[in-house]
Amino acid sequence: MREKCVKPPRYTGVPPAGGMTNGGTMHDKNCAAMRHCAISALLALTLVGCIKKPELKPFTPAECALTAQMPGVPARRTLDTAGPLGQFKAVVYESRFDDVTYTLMCAQLTDDQVKALRRTNQRAMHEKTVADVVARMRGTVLATGTPESNGRVREYGYSALIADGGDRQRTSVSFFVHGSVYAQLIATYPNPASYNQEHFANLFTELMTLN
């Protein structure tokens with residue numbers, strides 16, 4: 001139990017060695033110093049608790065010729081899925097930090113799928129993929145763009161920022177085809193978000209490099 005500071009009667013005689021000033025007692029000064037230290041410690045702990053910064057590390061999956069920046073050690077799973085190019089088996093890597101989910105999905109396309117892709121309007125294909133996601137979320141597309149990597153526009157690339165139906169969560173997604181690799185980078189974070197939550201979610205989808 002913390003001891004309560006209780007003021008004794010003011011000392012009016014000769015001050016003790018080490019003394020005091022302005023007529024106050026040594027007990028007064030000790031209590032003031034304790035309060036100052038407690039407030040300083042509380043402020044320091046508050047600041048440390050507010051600053052949550054993930055350590056993004058280069059991560060290169062064995063299945064895809066790309067490197068993403070992800071926190072921690074991503075968990076791996078496989079996924080059988082279908083898209084405009086047909087059925088394919090994808091590998092998914094995912095990690096979480098500070099209520100932000102970082103997801104990398106990639107798949108090797110078959111030769112027939114690559115040929116079909118070259119005959120397809122890629123922008124229209126990606127827009128339909130985003131529209132399907134938005135419909136399932138009952139959400140809204142806030143922004144779209146063309147992602148870049150290694151200083152050049154990603155081949156068949158598309159990016160979007162999506163808000164869910166109640167705008168309580170936002171998803172930044174970037175997907176593209178590079179050679180025979182189809183990849184998606186998805187970062188999901190709460191809304192409203194802290195500066196670091198939004199900043200590092202965007203960095204994840206922007207800093208990917210092609211190998």
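- Looking at E198, its side chain never comes within 3.5 Å of a backbone N or O of P192 through a donor-acceptor pair.
- Aromatic pair Y182/F88: ring centres closer than 6.0 Å.
- Legend: residues meeting side-chain contact (heavy atoms from CB on, under 4.5 Å) with N121, ordered by chain and number and at least two apart, are R123, A124.
- Taking the side-chain contact (heavy atoms from CB on, under 4.5 Å) definition, one finds that T78 meets it with R76, sequence neighbours left out.
- Between K128 and D132, at least one side-chain nitrogen of the basic residue sits less than 4.0 Å from a carboxylate oxygen of the acidic one, meeting the salt-bridge criterion.
- The structure places CZ of F176 at 10.0 Å from NE2 of H126, a figure rounded to the nearest 0.5 Å.
- Judged by distance alone, the side chain of S95 and the main-chain N or O of P71 form a donor-acceptor pair under 3.5 Å.
- Here the shortest heavy-atom pairing between Y102 and M70 reads O-CE, 3.5 Å.
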Would T60 and T67 satisfy side-chain hydrogen bond (donor to acceptor under 3.5 Å, both in side chains), going step by step from the backbone distance to the final call? CA-CA 4 Å; T60 304; T67 299; 2.7 Å; yes

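- Side-chain N or O atoms of N191 include none that pairs as donor or acceptor with a backbone N or O of R170 at under 3.5 Å.
- Counting heavy atoms from C-beta on, the side chains of Y189 and D99 never come closer than 4.5 Å.
- Counting only distance, with no hydrogens or angles, the side chain of Q184 and the backbone of S174 share no donor-acceptor pair below 3.5 Å.
- Listed by chain and residue number, A160, I162, F175, I186 satisfy the side-chain contact (heavy atoms from CB on, under 4.5 Å) test with V173 (two or more places apart in sequence, or in another chain).
- Here the side chains of T103 and V92 are in contact, with some heavy-atom distance below 4.5 Å.
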